[in-house]
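Beneath this line is the structure, given in structure tokens, with notes to follow.
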There are 2 protein chains.
Amino acid sequence: MPAKVDHEARRRDVSAAVWRVLATEGFGGLTLRAVATEMGATTGLVTHYFPSKQALIVHALELAEARTRELVPSIEGLRGLAALQQALAGVLPLNPEGTEINRVWVSSWDVALADPALHALEKARYKRWRARLKPLVEQAQQDNDLPPGNPDDLVASLAAFTHGLVVQALFDPRAFSHKRQLHLLKTHLEALRP
Amino acid sequence: MPAKVDHEARRRDVSAAVWRVLATEGFGGLTLRAVATEMGATTGLVTHYFPSKQALIVHALELAEARTRELVPSIEGLRGLAALQQALAGVLPLNPEGTEINRVWVSSWDVALADPALHALEKARYKRWRARLKPLVEQAQQDNDLPPGNPDDLVASLAAFTHGLVVQALFDPRAFSHKRQLHLLKTHLEALRP
DNA sequence: CGGCGTACATAACAAGTGTTAGGTATCTAC
DNA sequence: GTAGATACCTAACACTTGTTATGTACGCCG
């Protein structure tokens, strides 16, 4: 069983190329050739690591989720509203990588809405995100920093606010500077305080 | 100068076909052939009314905006918070047509992020939407139904909340029933009341 | 009725698509 | 050193893509 190259590492190289293509061209521009030339190789290499384009897309989406998770700064040491604010701010396009990730994310919604399998994946991803936010919301409610009521509703509303802000910021980064995004988030959370 | 067919009417037929394709396949599936077969014609007809695919895309986006505007129910007789709630609720995917429009809308963000010209159009569209909401927000502030402060910030936040809700509802219509969407909107506005 | 310009079908085009099949080099294991 | 498996390139495949040119039918104006 030969192992002249590190299979996993090489696969990550392909991943990186996929990512770069997505960040610049969006899902509409994701082709095997684009990925191949991006890493100075041929389609043969790409298909060697990913059996089909569908597999490549799925992988790209997993990648986006993973990157999102590691982008969001640690909320260790924080709890309640402060942790929540940190968690939400971490999703915003406040730096080049955050912008990149969100571009990929938003751009994926086209394929995700058209393809049932991807649709299901995206739906599950949203669910997971809300589940991760929920305990923070509940803490904030206990601290009387957020109004009482169904925490699931609050989580959904906050997720909505955040992603809606992401989209607007992507299309008009000038009007939605980093400072303003954070200000909007902060003000929004304060306005909700009972 | 012959006029055996109503040029404008025929053009609208093409429009309708474009729309049906977008609603089912998204922008990724928008091709001249798809439009042509959708209306039982050939690519020759399509190109006769739209010189290029880019023109077709631009037209499709204008169509989406027009449909959105006529979808939103009249807010005549209403003012302030009530009008605002109505205006925002009108954007939500609460019926088949609303769902269709939003699907097209969200799906367009892929191409819109990748193409500079479309990017500019989308940015302008967002700006127009916020401008239309602004007077309602200001009225609501005067009525003390919304907290004081920069109205532009409030508008952006409400637009964010609404569109973020749209996206979540598109991906999980079961979890975001019509009733719940309206409930979330109502609760959200109430929570903002000073 | 003859000419002209519009409306569209037909069809070809070059380019780009995902997928698949050899082919070759190179390493490991014996 | 030989056998076998992996890594990757080359190249072809069958389509699909947007665009363009050609042909034809047909209503209007003179």
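Within 4.0 Å (heavy atoms only), A:Leu56 reaches no atom of the nucleic acid at all. Among the protein residues, B:Thr47 comes within range of the nucleic acid bases, having at least one heavy atom under 4.0 Å from a base atom.
A salt bridge between A:Asp152 and A:Arg130 is absent, with no side-chain N of the basic residue lying under 4.0 Å from a carboxylate O of the acidic one. Classification of B:Glu122 and B:Arg125 as a salt-bridged pair holds, one side-chain N sitting under 4.0 Å from a carboxylate O. For the pair A:Arg11 and A:Glu8, the salt-bridge criterion is not met [side-chain N within less than 4.0 Å of a carboxylate O].
The nucleotide whose nearest atom lies closest to any side-chain atom of B:Leu32 is, among C:dA7, D:dC9, D:dT19, D:dT19. Closest to the side chain of A:Thr43, from the set C:dT20, C:dA9, D:dA7, is C:dT20. The side chain of B:Leu45 lies closest to C:dC8, out of C:dC8, D:dC9, C:dT17.
The shortest non-hydrogen separation linking B:Gly80 to B:Asp143 is CA-OD2, 4.1 Å.
Per the geometry, CE belonging to B:Met39 stands 13 Å off P belonging to C:dA7, to the nearest Å. In this entry the distance linking CZ of B:Arg11 with C1' of C:dC8 reads 16 Å, nearest Å. Distance NZ (A:Lys53) to P (C:dT20): 15 Å, rounded to an integer number of Å. Rounded to a whole Å, the CD atom of A:Glu8 is 15 Å from the P atom of D:dT6. When rounded to the nearest whole Å, the span between CG of B:Asp13 and C1' of C:dC8 equals 14 Å. The distance between atom CD1 of A:Ile57 and atom C1' of C:dT17, rounded to the nearest whole Å, is 13 Å. Distance B:Phe50 CZ to D:dT19 P: 13 Å, rounded to the nearest Å. Atom C1' of nucleotide C:dG18 and atom CD of A:Gln54 are separated by 12 Å, given to the nearest angstrom.
Phosphate contact (OP1/OP2 of D:dA7, side-chain N/O of A:His48, threshold under 4.0 Å): present. Under 4.0 angstrom from either OP1 or OP2 of C:dC8 there lies no side-chain N or O belonging to B:Thr42. Side-chain N/O atoms of B:Thr31 include one lying less than 4.0 angstrom from OP1 or OP2 on D:dT17. Between D:dA7 and A:His7, a contact under 4.0 Å exists linking OP1 or OP2 to a side-chain N or O. Proximity of B:Arg10 to the phosphate of C:dC8: a side-chain N or O atom is located under 4.0 Å from OP1 or OP2.
Taking CD of B:Glu25 as the reference point, atom OG1 of B:Thr31 lies at 8.5 Å (rounded to 0.5 Å).
Between the side chain of B:Arg33 and the base of D:dG18 there is at least one donor-acceptor pair of N/O atoms closer than 3.5 Å.
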